[in-house]
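As C-alpha cells, the structure follows; a few thoughts come after it.
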Amino acid sequence: MSSYGNLSPASLIHVLLGAAGILTIFYLDLLSAPGIAVWTLYILPLWYASRLGISPRVILPAVAGLCTVLTIGGWFLSPPDIDPAISFYNRTIGVALMWTLAIMLMRAAGLDEDVQAVQDAQARLAAIVESSSDAVVSKSLDGIVTTWNRSAELIFGYPADEMVGTSILRIIPPDRVHEETHILDRIKRGERIEHFETVRRRKDGTEIPVSLTISPIKDAKGRLIGASKIARDITEKRWAEETVRRQTAQLQEQAAGLRTANEQLMKQTAALEAANNELEGFSYSVSHDLRAPIRTIHSFVRIIEEDHGGRLDPELSRCLGIIAKGARQAGELIDDLLEFSRLGRQAMQRTRVNMIELVHEAIADLRKGEETPRAGITVADLPACFGDRRLLKLVWINLLSNALKYSRHRDRPHIEVGWRANEGPEESCTYYVKDNGVGFDMKYAHKLFGVFQRLHGQEEFEGTGVGLAIVQRIIHRHGGRVWGEGEVGVGATFYFTVEKARKP
C-alpha cells in the first residue's frame with residue numbers, strides 16, 4: 001500500500017481528481033434542495049478513494065473528515081429560503097451514512113490485508129518447505145500422508161502424487177512398524193519428538209538412515225488434526241561417524257604399538273647406554289694400561305740408539321727406527337682413544353667463547369708441535385658462540401690439523417677459517433675450515449666421522465683415524481651437527497654448528 005509520503009504520479013492524479021469531485025459535490029450541495037446531495041453523492045468519493053491503492057486506514061478517514069467539514073460548512077452557506085432544521089437533519093443523516101461507509105470500507109480493507117498477510121506467510125512457508133534439503137511431510141492422525149515436498153521425493157524416491165493420500169507405512173520397514181504407533185501415541189499426547197534416528201525404506205527397496213523431528217498440527221481452535229515430520233538423510237553422517245570410529249580405533253592401536261615400541265626402545269637405550277659405559281670404561285682401562293709397555297718400548301729404543309747408535313748395523317738401525325715410529329704412533333692412538341672415551345664422561349662448562357681468539361690459540365699450538373704449518377691460514381671475523389671453551393679448542397685443533405696434513409703436498413697450500421649466516425636454526429651459527437688439499441670422494445662422506453675410518457692410507461698420510469670422531473662427539477654434546485664436503489684433487493671443507501652467544 002502507498003502512503004502520502006511516496007505517491008506515484010498516477011496516484012497523485014487520482015487524488016487530484018477525487019478532490020475536484022468533492023469540490024464539485026460541495027458546489028452542487030449549495031445549489032440543491034435541502035441537503036439531499038450530501039448523503040447521496042459524498043458516498044462516491046469514499047468509494048473512489050478506497051480504490052486508489054493508498055492505505056485505507058489513511059485515505060478514508062481523511063476523505064470522510066473533509067466531506068464532514070464541507071457538509072457542516074454547507075449548512076452555514078445554504079440559501080436563506082432553505083429550512084435550517086430540515087437541512088440540518090438531512091446533512092446529519094448524510095454524515096452518519098458517510099462515516100458508516102468509511103468504517104465498513106476500512107474494516108473490509110483491513111480484512112483483505114490480513115488475508116493477504118496470511119496468504120503471503122503461507123506462500124513463504126511453502127517456498128521454505130519446497131526449498132528445504134530435508135523431507136517435510138504432514139500426515140493425519142491415522143498415518144495418511146497429506147503433504148509431500150520435493151526433497152521427500154528425492155530422498156525416498158516416491159513422487160508426491162504417489163504418496164499423498166496413502167499410508168506413511170509405505171516407507172517404513174516391516175520390522176519398524178511399531179515405531180509409527182509409538183510416534184502417533186506421543187503426538188496425540190501433544191508431545192514433540194526431536195532427532196529420532198531410525199531407518200526408512202526408499203521406493204527401490206534400499207534402506208537409509210534418517211533423523212526425524214515430529215510435531216503435532218492443530219487447527220484454529222487448538223484441536224489436534226495431524227502431525228508434521230522433518231526427515232533428514234544422515235547417510236553421510238553415519239559414514240563420517242563410522243570413519244571417525246575406525247580411525248580412532250586405528251590410532252588407539254597405533255598408540256598402543258608406539259607405547260610398546262617406546263618401552264622396548266627405552267630398554268634398548270638403557271642397555272646400549274650401559275654397554276657404552278662399559279665399553280668406554282674398558283677402552284679407558286685398556287688404553288691406560290697400554291701406555292706403560294708402549295712407553296717402555298720407546299724408552300729402550302731411545303737408549304739403544306743413544307748408547308750404541310754408532311756401532312749398530314744399518315739394517316738394525318732402520319728396524320729400530322721403524323719400532324720407534326710404531327711406538328710413537330701407538331702412543332698417539334692411545335692418547336686419542338683416551339681423549340675420545342673421556343669426552344662422554346666429562347662435564348661441560350658452557351661460557352661465552354671468543355672464536356677468533358680460540359682459532360689463533362689452536363694455530364699457535366700447532367706451530368709449536370711437530371707440524372710446523374707452512375700453509376697460509378686466513379681467519380675471518382668469526383662471531384662468538386656459547387659452549388665449552390676447552391672442547392671447542394680441541395675441535396679447531398683437529399680440523400686445522402687435518403687441513404694442514406692433507407694440503408701439505410700442494411705448492412701453495414691455503415686454509416680458510418670462516419662462518420656462514422642463516423645456516424641451520426636461527427639460534428645457531430655455522431663455522432667451517434676449508435683447504436685446497438687432496439679432498440675426498442663424497443660417496444664416502446658417511447665414513448668420515450667413524451672411529452678408525454680413514455679415506456687415505458697410513459703410508460700416504462699419518463694419523464690415528466680418531467680425530468674427526470672426537471670432533472663429532474664434541475659438537476653433538478653441544479647440540480649441533482658436523483658434516484664435510486669435498487672433491488678429489490680440489491680440497492675439502494668441514495662445517496659444524498654451535499649455539500650463538502647471547503649478547504652481553
Side-chain angles (χ1 to χ4, degrees), residues 121-219 223-263:
Q122 289 177 339
R124 286 194 296 270
L125 180 60
I128 292 173
V129 169
E130 282 302 312
S131 62
S132 173
S133 59
D134 298 329
V136 181
V137 179
S138 62
K139 59 186 177 182
S140 64
L141 292 177
D142 55 0
I144 301 301
V145 176
T146 55
T147 63
W148 187 265
N149 75 336
R150 176 62 179 165
S151 292
E153 295 181 352
L154 297 175
I155 292 175
F156 297 109
Y158 288 99
D161 56 1
E162 288 187 23
M163 283 301 299
V164 174
T166 64
S167 175
I168 196 69
L169 296 178
R170 198 171 187 179
I171 64 171
I172 301 178
D175 60 338
R176 293 182 179 268
V177 172
H178 63 281
E179 292 179 355
E180 182 65 12
T181 303
H182 176 67
I183 289 171
L184 289 176
D185 288 343
R186 291 184 61 182
I187 291 297
K188 290 175 182 178
R189 294 197 297 269
E191 298 180 13
R192 173 182 168 89
I193 302 171
E194 295 185 358
H195 308 303
F196 174 64
E197 294 191 1
T198 182
V199 175
R200 291 295 180 258
R201 177 174 291 177
R202 291 171 49 84
K203 184 177 181 179
D204 59 9
T206 59
E207 294 185 353
I208 58 171
V210 294
S211 175
L212 304 179
T213 297
I214 308 166
S215 304
I217 300 176
K218 297 181 180 180
D219 61 12
R223 294 175 299 187
L224 185 66
I225 59 174
S228 67
K229 175 172 66 176
I230 299 175
R232 175 169 295 178
D233 185 352
I234 57 173
T235 302
E236 293 185 0
K237 177 188 173 186
R238 288 283 180 87
W239 178 83
E241 289 175 349
E242 177 60 24
T243 301
V244 170
R245 187 198 63 77
R246 186 169 58 253
Q247 291 178 347
T248 301
Q250 292 176 351
L251 288 174
Q252 290 174 345
E253 292 178 2
Q254 292 175 357
L258 287 174
R259 284 195 297 270
T260 302
N262 187 50
E263 291 174 358

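Below, each value reflects all heavy atoms present in this structure, side chains not excepted, and no hydrogens, waters or symmetry copies.
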Nearest-0.5 Å distance that lies between atom [atom1] in [X] and atom [atom2] in [Y]:
{"X": "I187", "Y": "S215", "atom1": "CD1", "atom2": "OG", "answer": "6.5 Å"}
{"X": "E236", "Y": "R238", "atom1": "CD", "atom2": "CZ", "answer": "13.5 Å"}
{"X": "R246", "Y": "T243", "atom1": "CZ", "atom2": "OG1", "answer": "4.5 Å"}
{"X": "D134", "Y": "I230", "atom1": "CG", "atom2": "CD1", "answer": "6.5 Å"}
{"X": "M163", "Y": "T146", "atom1": "CE", "atom2": "OG1", "answer": "10.5 Å"}
{"X": "T147", "Y": "I217", "atom1": "OG1", "atom2": "CD1", "answer": "7.0 Å"}

How are the rings of F156 and W148 set relative to one another: parallel (under 30°), tilted (30 to 60°) or perpendicular (over 60°)?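 Rings of F156 and W148: tilted, as their planes differ by 30° to 60°.
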Whether over 12 other heavy atoms sit under 6.0 Å from R232 CZ: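 Atom CZ in R232 is not packed in, count stays at 12 or less.
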Tell me whether the count of non-hydrogen atoms from other residues, nucleotides or ligands lying under 6.0 Å of CD in E242 goes above 12.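 Yes, the 6.0 Å shell around CD holds more than 12 heavy atoms from other groups.
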Using the side-chain hydrogen bond (donor to acceptor under 3.5 Å, both in side chains) rule, collect all pairs that involve residues 176-185, keeping only residues at least two apart or in two chains.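 For residues 176-185, and leaving out neighbouring residues, the side-chain hydrogen bond (donor to acceptor under 3.5 Å, both in side chains) pairs sorted by first residue read K139-E180, R176-E179, R176-T198, E179-T198, E179-R200.
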Residue pairs, two or more places apart or on separate chains, that pass side-chain hydrogen bond (donor to acceptor under 3.5 Å, both in side chains) and touch residues 159-168: E162-K203
Apply the test side chain to side chain contact (heavy atoms under 4.5 Å, CB included) to residues I193 and L212: give CA-CA distance (whole Å), side-chain angles for both, the deciding distance (0.1 Å), then the verdict. CA-CA 8 Å; I193 302 171; L212 304 179; over 6 Å; no
Residue pair P174 / R201, side-chain heavy-atom distance below 4.5 Å: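 Of all side-chain heavy-atom pairs linking R201 with P174, at least one is under 4.5 Å.
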Does any non-hydrogen side-chain atom of F196 lie less than 4.5 Å from one of I214? no
With sequence neighbours excluded, tell me which residues meet salt bridge (Lys or Arg N to Asp or Glu O under 4.0 Å) with E194.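 Once residues adjacent in sequence are excluded, the partners of E194 under the salt bridge (Lys or Arg N to Asp or Glu O under 4.0 Å) criterion are R192.
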If every non-hydrogen atom of [X] is compared with every non-hydrogen atom of [Y], which pair is closest and at what distance?
{"X": "A160", "Y": "E153", "value": "N-OE2, 2.9 Å"}
{"X": "T235", "Y": "P209", "value": "OG1-CD, 3.5 Å"}
{"X": "I234", "Y": "S211", "value": "CG2-CB, 3.8 Å"}
{"X": "G190", "Y": "P216", "value": "O-CG, 4.2 Å"}
{"X": "A152", "Y": "V137", "value": "CB-CG2, 4.1 Å"}

For the side chain to side chain contact (heavy atoms under 4.5 Å, CB included) test, which of V136, I183, I168 pairs with K229? I168
Please evaluate residues V210 and E197 with respect to the criterion side chain to side chain contact (heavy atoms under 4.5 Å, CB included), reporting the C-alpha separation (whole Å), side-chain torsions for both, the decisive distance (0.1 Å), and the verdict. CA-CA 6 Å; V210 294; E197 294 191 1; over 6 Å; no
